[in-house]
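Shown next, in structure tokens, is the structure this report addresses.
FYI, the numbering just counts along the sequence from 1. None of these values were measured; they are calculated from a predicted model. Hydrogens, waters and symmetry mates are skipped; everything else that's a heavy atom, side chains included, is used.
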Amino acid sequence: MVQNERKKEQNRINEVVDVIGSKIAGMTGKKEEVKKGIVDLRKNFWEDVTVNLDEMDDVYETQASIKQQAELLSERERRHGQMNRELKTLFRLQDSPYFGRIDFQEEGEQKTESLYIGIGSLMDAHNEEFLIYDWRAPISSMYYDYAPGPAKFDSIEGEIKGEMKLKRQFIIRHGQIDGMFDTGLTIGDTLLQAMLGGRASSHMKSIVATIQKEQNQIIRNETDRYLIVQGAAGSGKTSAALQRVAFLLYRYRKTLRSDNMLLFSPNPLFSSFISTVLPELGEENVLQTTFKDFIEERIGHDLQLENPFDQTESCLTMEESEEYLLRTESIRFKASIAYKQLIDRWLERLKYEGMIFRDIVFRDETIVSGNAIQRFFYSLPREQSVLNRMEDVRDWLLRRIAVFVKKERKKDWVLEEGELLDKSDYAEVFQKLQQERRFSEETFDDYDREEQMLRKIVMNRRIKPLRRRIKQFEFVNSQKVYSEIFYHDHDEEHVPEHWKAICRATRMRFEEGDCPWEDAVPYLYLKERLQGRKGNQEIRHLIIDEAQDYSPVQLAYLQAAFPRSRMTILGDLNQAIYAQSFAEETMLSENLYNREEVKKLTLLRSYRSTREIMDFARHLVSGGDQIEPFERSGKLPEWIDIRDGRKEAVILDKIASFKTAGFETFALIGKTMKECRKIYEQLKNKIKVRLVTQATYQFDKGFIIIPAYLAKGIEFDAAIINDASASNFHRENERTIFYTACTRAMHELIMLSSGEATRFLRDVPKDKYVKMTGD
């Protein structure tokens, strides 16, 4: 009976593959026709456009003709792009048409319908019946959420109830069944073993065939504005979030585009690692950036900005000292809600005093002084908001500029610069003179009119940047206004113990034009509150990965920067690495959101690492006993105590054994970049190895050396912890760094130390790892 079932299923696959082949052939031909049409349109674009600029009516007709031709070309190009995407999906379906089947009998119906589920939909040859349902379709949700028995799904008509008679999973490669399983509620471990037991890749894989019920809750959530996912290392939270993006693009395809979604990844390397997931599902990649790049772009050239990696490196390499304690206290306080409240109180105070403005200067001449702007600002009614007063100041300054321009353009320097204008500028002046003559009965002295026009052109060009800066409220000296916070006394209940020392250190850096990373977002928050920078209305959904490294202040800033946006917030408190992560709360805390708008989900099952690696790692962190390792066996982690300068030899020996085992990605993970550079210099002439830095944008196979804070979210077949000794990992806040490093390994984990190992191993039962010597 099993053989007969398998044969019937294979026959169906063969029929489906034939239909796919026919559709590929038909669409390829149509695509070529569309492509030829695009080429012809481009080639003959100007021949098909009526160009006549003699009269104004002719100009309008010409513009309309160009617009019509451009829209036709744009529509053809869109159609060609859509065909490309459809063809890519068909080719993927041809190799593996589907991965699941459910037999469903709707209430009140006699017939049981067999539904096959894959990465995309497919109709039969007559486009009448579905041969494959897209995994994102409402009816497909039953495959992930129910075992055989009562089941239901939401449709346009409402809730549809019935009974699931069968749930079957397939592994299909090259159009042939490699595995077939009838299963219960969860996607069976046999299928998961087949999908997860392979080698690590240089790119994250799609998980649509193995989505678990708890992951499906993340993917299909449509109701909550803020969806928080606390997930153990390797629990698939990032994968689920990317499938969620694909689901939302499918579900709201008429109103949501990929460029309406923005993903904040921890670093460029991670962006490379996840870059193929959405294209594999037939969707365009959403916009991606790092929080560092986002903040850097908004600060512009105001200040020299420290980045979070340098801040982390600085804290991790500092010795225990007063300077270290002061810096970490400063970072934690400036990440907290208490500091945001301090800034809000400062903004309130600025309504009455303390606003600082820049002089408005043109060609070394002060048009309006900063003091004069301040007097005007505080002369405005106090009941007006700061932003409304700023707008009044802006308009007042633009009027002052207009008066100044009229006087200034009469000066000799303006005409001197006018004589140096391009021929095109003179041609523009001549054309304007001709138009004035044509539409006016007045007579003009051409020489005088030409001079006036040339003076206007020169003056408008020279004054334009100043006008633009005024319109952007750059007359506010935000840098000085922010740094003034550290020159004033504040309520001692609301500031940390060493606040005065923190103030001195911050003032010193700001006076040098340097902005510590912990001050970047608070500074921008204050600046944009003063200048009223409008939030981005285009971004409708933010996906924030590694959210345990974002602070309450950063959340407040993101909410203001993207006022229309929903957020999917992913992280793991046990993988907190940056100093600000140890503040009172992070973005994973539901206390920071309106209760009615937030939902928190927890993923406890870890799929990345073998049971042995996860059984070891979960003893390192608080709450680790709740983490559920996936049942995939491998070697016990090894702690190797290395003596007498044998470290290089041990590393080379291990890399050789990894290659013999068929591993393709392996990493030597250091605590800091300083540590990584040192070992890289020792190894680079003995083995092919690549050092990953914050500037590395591509994740490739092979042997790499990488600091733990850049390895977040990435996985390797095997990982070696470069220095797991007690002298290297000793601070309690380095526990999560050590845990993060250990959980990068899929199949093998090696820890090296010289002498005593980190005290974190004392919390791990001795039977969870093997102690060896590197003699």
**Q.** Pairing of Lys152 and Glu159 as salt bridge, 4.0 angstrom limit
**A.** yes
Q | Among Lys292, Gln694, Glu296, Glu313, side-chain hydrogen bond (donor to acceptor under 3.5 Å, both in side chains) partner for Asn307 | A | Gln694
Q) Does the pair Leu524 and Val521 meet the rule for a side-chain contact (heavy atoms from CB on, under 4.5 Å), with working shown? A) CA-CA 5 Å; Leu524 272 178; Val521 172; 5.6 Å; no
**Q.** Pair Arg332 + Glu518, salt bridge at N-O below 4.0 Å
**A.** no
Q. Where is the tightest heavy-atom contact between Gln537 and Pro563, given as atom of each residue plus distance?
A. NE2-CG, 3.4 Å
Q. Does the separation of the ring centres of Tyr593 and Tyr226 fall below 6.0 angstrom?
A. yes
Q) Centre of Phe729's six-membered ring, under 6.0 Å away, within 45 degrees of the axis: is that where NZ or CZ of Lys671 sits? A) yes
**Q.** Test: Arg605 cationic atom under 6.0 Å from Phe630 six-membered ring centre, within 45° of axis
**A.** no
**Q.** Plane angle bin for Trp499 and Phe333 - parallel if under 30°, tilted between 30 and 60°, otherwise perpendicular
**A.** perpendicular
Q: Take Phe294 and Phe562 through the ring-ring contact (aromatic ring centres under 6.0 Å, His included) test and state the conclusion after the steps.
A: CA-CA 12 Å; Phe294 174 70; Phe562 300 99; 5.5 Å; yes
Q. Between Arg327 and Glu323, is the closest basic N to carboxylate O distance under 4.0 Å?
A. no
(Q) Side chains of Asp344 and Tyr525 only: does a donor on one sit below 3.5 Å from an acceptor on the other? (A) yes
Q | Side-chain ion pair, Lys351 and Glu348, N-O less than 4.0 Å | A | yes
**Q.** Electrostatic pair Asp545:Lys237 at N-O distance under 4.0 angstrom
**A.** no
Q | Side-chain heavy atoms of Met746 within contact of Tyr607, under 4.5 Å | A | no
Q: Please work out which of the three classes, parallel, tilted or perpendicular, describes the rings of Phe760 and Phe738, given edges at 30° and 60°.
A: tilted
Q: State whether Arg618 and Asp763 are salt-bridged, where the test is any N-O pair (Lys NZ or Arg NE/NH1/NH2 against Asp/Glu carboxylate O) under 4.0 Å.
A: no
Q.
Distance to the ring centre below 6.0 angstrom and angle to the axis at most 45 degrees; does that hold for Arg533 and Phe473?
A. no
(Q) Using 30° and 60° as the class boundaries, would you call the ring planes of Phe510 and Tyr482 parallel, tilted or perpendicular? (A) tilted
Q) Ignoring hydrogens and geometry, is there a side-chain-to-backbone donor-acceptor pair from Arg225 to Ser565 under 3.5 Å? A) yes
